[in-house]
Amino acid sequence: MGYLTTFYWGWLLGSVLLGFAMGWISVVQHGDGVPRKWRWWLAALVAALVAAAVARVVPGRFGYWLDLGLIMFGLYLCGCAVGSWLRDWVVSRTAPPA
């Protein structure tokens with residue numbers, strides 16, 4: 001894990017910044033979103049992938065890619081959360097009182 005962060009720090013920083021930008025420019029969704037059944041399946045998929053990475057079930061190059069992909073995806077989601085929270089904070093502060 002330490003090797004991934006020292007060797008791919010630029011890519012990891014890029015995924016955080018890309019997530020921050022996407023969180024900042026995204027607008028509030030007024031649609032239905034992801035159905036509840038899909039959310040359970042997606043959460044189970046992510047949990048299975050994380051468990052496979054922690055248990056080192058996938059060997060070799062594909063395990064390396066799995067670790068790197070999960071780290072980048074997690075950092076992207078953190079960047080999205082921070083960007084959307086910061087945009088909400090900035091917009092709500094500058095909006096005139098109703």
Side-chain angles (χ1 to χ4, degrees):
M1 194 66 69
Y3 175 76
L4 290 175
T5 57
T6 56
F7 190 70
Y8 291 113
W9 68 269
W11 288 97
L12 297 176
L13 179 65
S15 66
V16 168
L17 293 177
L18 183 65
F20 179 80
M22 293 302 107
W24 182 269
I25 66 171
S26 65
V27 295
V28 177
Q29 179 184 3
H30 296 288
D32 294 336
V34 180
R36 179 175 287 249
K37 187 175 182 180
W38 276 88
R39 278 187 264 164
W40 282 104
W41 282 106
L42 290 174
L45 175 67
V46 169
L49 288 174
V50 169
V54 169
R56 297 183 186 219
V57 174
V58 182
R61 181 176 295 201
F62 294 111
Y64 183 75
W65 290 344
L66 175 65
D67 290 346
L68 184 61
L70 287 173
I71 292 171
M72 289 181 75
F73 182 63
L75 290 175
Y76 175 80
L77 289 179
C78 290
C80 284
V82 169
S84 64
W85 172 76
L86 201 60
R87 179 185 166 97
D88 181 53
W89 183 67
V90 169
V91 170
S92 67
R93 289 186 66 205
T94 59

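Atom set for the values below is all heavy atoms of this structure, side chains included, hydrogens, waters and symmetry mates excluded.
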Q: If you link ILVMFWY side chains whenever their heavy atoms are less than 4.5 Å apart, which other residues fall into the same cluster as W9? By chain and number, please.
A: L13, L17
Q. According to a 4.5 Å side-chain heavy-atom criterion applied to Ile, Leu, Val, Met, Phe, Trp and Tyr, with indirect links allowed, do V54 and L70 form part of one hydrophobic cluster?
A. yes
Q: Output all residues satisfying ring pair (Phe, Tyr, Trp, His ring centres under 6.0 Å) with Y64, sequence neighbours left out; order by chain, then residue number.
A: none
Q) With L86, which residues qualify under side-chain contact (heavy atoms from CB on, under 4.5 Å), at least two apart? A) F20, W24, W89
Q. Would V46 and V57 show up in the same hydrophobic cluster when neighbours are defined by side-chain heavy atoms closer than 4.5 Å?
A. no
Q: Check whether L77 and I25 end up in the same hydrophobic cluster, where Ile, Leu, Val, Met, Phe, Trp and Tyr are linked by side-chain heavy atoms less than 4.5 Å apart.
A: yes
Q. Same hydrophobic cluster for V50 and W40, using side-chain heavy-atom links shorter than 4.5 Å among ILVMFWY?
A. no
Q. Do M72 and Y76 have side-chain heavy atoms sitting under 4.5 Å apart?
A. no
Q. What distance do R56 atom CZ and D67 atom CG have between them, rounded to the nearest 0.5 Å?
A. 7.0 Å
**Q.** Shared hydrophobic cluster, F73 / W41 (ILVMFWY, side-chain heavy atoms < 4.5 Å)
**A.** no
